[in-house]
Engineer: 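Sharing a structure with you now.
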Amino acid sequence: MKSKGIMALALIGALSIGGVKTYAQVSKNITPKNQVMTKKVVAQQDNKKESKEDKLKQTALEAFQKNLGETVDVKKLYEIRSSFYNADGKNFYVAQWCNGKDKPINDNDTILYTAVIDTEANKIVKLEYHSGEPKNENYKNFSYDKAKNLAADFVKNNNILNGKSYKFSEAESKKLNCQEGAWDYFFYFKYDGGKTCLVNVSKDLQKVNQFILLDESGARG
């Protein structure tokens with residue numbers, strides 16, 4: 001009887017030890033709750049960021065159509081830049097599409113679309129359409145005065161300065177346009193206590209192909 005009792009205790013002990021080992025193994029395979037929650041939060045943040053990026057890209061694409069009269073077919077272009085950044089304590093998002101994945105931006109046949117958005121104000125602060133080399137030499141015949149009128153009408157009709165009063169800066173603009181053979185004309189507009197808006201007019205396309213709010217986009221120069 002005694003030996004049977006000892007054997008029974010030994011068996012119970014063995015089962016107990018086995019149970020502890022099994023529990024330990026199961027516990028090892030269970031991901032801690034806080035780790036699961038962390039992964040969930042990260043996934044939610046990533047989804048939220050992607051959703052925000054999608055909305056900003058859509059804002060940019062609509063701006064190209066509305067302001068520059070350009071329909072951007074992203075399916076035929078390479079997205080070469082898409083990121084958030086900070087400059088002068090402000091947050092921005094830049095989206096950029098090009099007709100070549102690794103094309104230098106200054107190549108003669110490079111087609112480039114660039115949009116910069118102030119994410120806090122949800123405001124376009126730069127919009128650029130680079131159409132490449134002029135089709136022929138006729139661009140040289142497009143006059144400064146015609147381009148200036150296009151730039152002035154653009155600022156007036158597109159409300160890029162949010163209704164703030166502005167003034168065309170003739171002297172500064174003429175200094176910018178002294179280079180022969182340039183593909184664009186450049187015009188400065190002063191607004192909101194001295195801030196500067198730069199508007200480019202393509203001589204080849206004979207229309208505005210870029211504007212940038214220099215003091216609101218983190219730009220230099």
Side-chain angles (χ1 to χ4, degrees), residues 52-53 55-70 72 80-97 105-106 112-131 139 142-221:
K52 184 176 182 179
E53 280 197 79
K55 290 179 180 178
L56 290 169
K57 285 179 186 177
Q58 188 59 38
T59 297
L61 295 174
E62 290 173 358
F64 279 112
Q65 177 65 55
K66 177 184 176 183
N67 298 122
L68 302 185
E70 291 296 323
V72 184
I80 60 174
R81 193 176 177 193
S82 174
S83 60
F84 293 90
Y85 70 95
N86 182 280
D88 295 335
K90 299 177 69 176
N91 296 314
F92 301 94
Y93 176 77
V94 57
Q96 200 168 53
W97 295 272
I105 292 177
N106 59 350
L112 183 72
Y113 298 90
T114 305
V116 177
I117 303 173
D118 179 333
T119 58
E120 295 173 10
N122 194 32
K123 176 182 179 181
I124 300 281
V125 292
K126 176 181 179 179
L127 207 60
E128 175 191 16
Y129 168 48
H130 178 81
S131 58
Y139 78 96
F142 187 57
S143 73
Y144 172 89
D145 287 333
K146 287 183 179 179
K148 181 177 74 172
N149 290 336
L150 284 177
D153 288 343
F154 177 84
V155 174
K156 177 182 177 181
N157 297 331
N158 287 276
N159 193 33
I160 59 174
L161 304 179
N162 293 336
K164 294 175 181 175
S165 60
Y166 61 89
K167 183 179 181 180
F168 174 60
S169 182
E170 185 83 63
E172 286 185 277
S173 297
K174 283 188 174 180
K175 287 181 182 178
L176 283 175
N177 292 294
C178 60
Q179 181 180 351
E180 292 186 12
W183 297 350
D184 293 352
Y185 282 117
F186 309 93
F187 301 100
Y188 274 148
F189 293 85
K190 298 293 183 179
Y191 70 101
D192 195 21
K195 292 179 180 177
T196 303
C197 171
L198 175 65
V199 177
N200 292 20
V201 175
S202 166
K203 297 179 183 179
D204 182 43
L205 301 177
Q206 298 188 11
K207 71 173 189 176
V208 171
N209 63 344
Q210 174 179 253
F211 79 85
I212 176 170
L213 308 183
L214 293 173
D215 301 278
E216 298 187 58
S217 60
R220 294 287 184 270

Engineer: How about NZ on Lys175, more than 12 heavy atoms from neighbouring residues, nucleotides or ligands closer than 6.0 Å, or not?
Structural biologist: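 For Lys175, atom NZ is not crowded (no more than 12 foreign heavy atoms under 6.0 Å).
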Engineer: Can a donor-acceptor pair be found, under 3.5 Å and without considering hydrogens, that links the side chain of Asp118 to the backbone of Asn122?
Structural biologist: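 Not at all, since once roles are kept as given, no pair shorter than 3.5 Å links the two residues.
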Engineer: Quick one: is the NZ or CZ of Lys203 closer than 6.0 Å to the six-membered ring centre of Tyr185, and within 45° of its axis?
Structural biologist: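 Yes; both conditions hold, so Lys203 lies above the ring face of Tyr185.
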Engineer: Show the nearest heavy-atom pair for residues Asn209 and Leu68, with the distance to one decimal.
Structural biologist: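 Nearest heavy atoms, Asn209 then Leu68: O-CD1, 3.8 Å.
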Engineer: Phe211 vs Phe154 aromatic rings, parallel, tilted or perpendicular, using cut-offs 30° and 60°?
Structural biologist: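 Geometry flag for Phe154 against Phe211: tilted rings.
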Engineer: Describe, in one word, how the ring planes of Phe187 and Tyr144 are oriented to each other, choosing from parallel (under 30°), tilted (30 to 60°) and perpendicular (over 60°).
Structural biologist: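 The rings of Phe187 and Tyr144 sit tilted, inter-plane angle from 30° to 60°.
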Engineer: Which distance, rounded to the nearest 0.5 Å, do you find between the CZ of Phe92 and the OG of Ser83?
Structural biologist: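 The OG atom of Ser83 is 12.5 Å from CZ of Phe92, to the nearest 0.5 Å.
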Engineer: When you measure from the side chain of Thr119 to the backbone N and O of Asn91, does any donor-acceptor pair fall under 3.5 Å?
Structural biologist: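 Such a contact is found between Thr119 side chain and Asn91 backbone.
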Engineer: Please name all residues satisfying ring-ring contact (aromatic ring centres under 6.0 Å, His included) with Phe142, sequence neighbours left out, ordered by chain then number.
Structural biologist: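 ring-ring contact (aromatic ring centres under 6.0 Å, His included) list for Phe142, sorted by chain: empty.
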Engineer: Under 3.5 Å, is there a donor-acceptor pair between the side chain of Asp192 and the main chain of Lys195?
Structural biologist: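 Not a single qualifying donor-acceptor pair exists.
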Engineer: Compare every heavy atom of Phe64 with every heavy atom of Glu128, then report the nearest pair and how far apart it is.
Structural biologist: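 Between these two residues, the closest heavy atoms are O-CE2, 3.3 Å.
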Engineer: Check the surroundings of atom CD in Glu120: do more than 12 heavy atoms from other residues, nucleotides or ligands lie under 6.0 Å from it?
Structural biologist: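 Counting neighbours around CD of Glu120, more than 12 heavy atoms of other residues, nucleotides or ligands fall under 6.0 Å, so yes.
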Engineer: Please report the interatomic distance CD1(Ile212) to OG1(Thr196), rounded to the nearest 0.5 Å.
Structural biologist: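 So the gap between those two atoms works out to 11.0 Å.
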Engineer: Please name the residue in the list Phe189, Tyr188, Tyr191 that meets the ring-ring contact (aromatic ring centres under 6.0 Å, His included) test with Phe168.
Structural biologist: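 Only match with Phe168 under ring-ring contact (aromatic ring centres under 6.0 Å, His included): Phe189.
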Engineer: Going from CD1 on Ile124 to CG on Asn158, what distance comes out if it is rounded to the nearest 0.5 angstrom?
Structural biologist: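 Ile124 CD1 to Asn158 CG: 12.0 Å, rounded to 0.5 Å.
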Engineer: Using modelled atom types and a 3.5 Å cut-off, is there a donor and acceptor pairing between side-chain atoms of Ser202 and backbone atoms of Lys207?
Structural biologist: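 No; zero donor-acceptor contacts below 3.5 Å.
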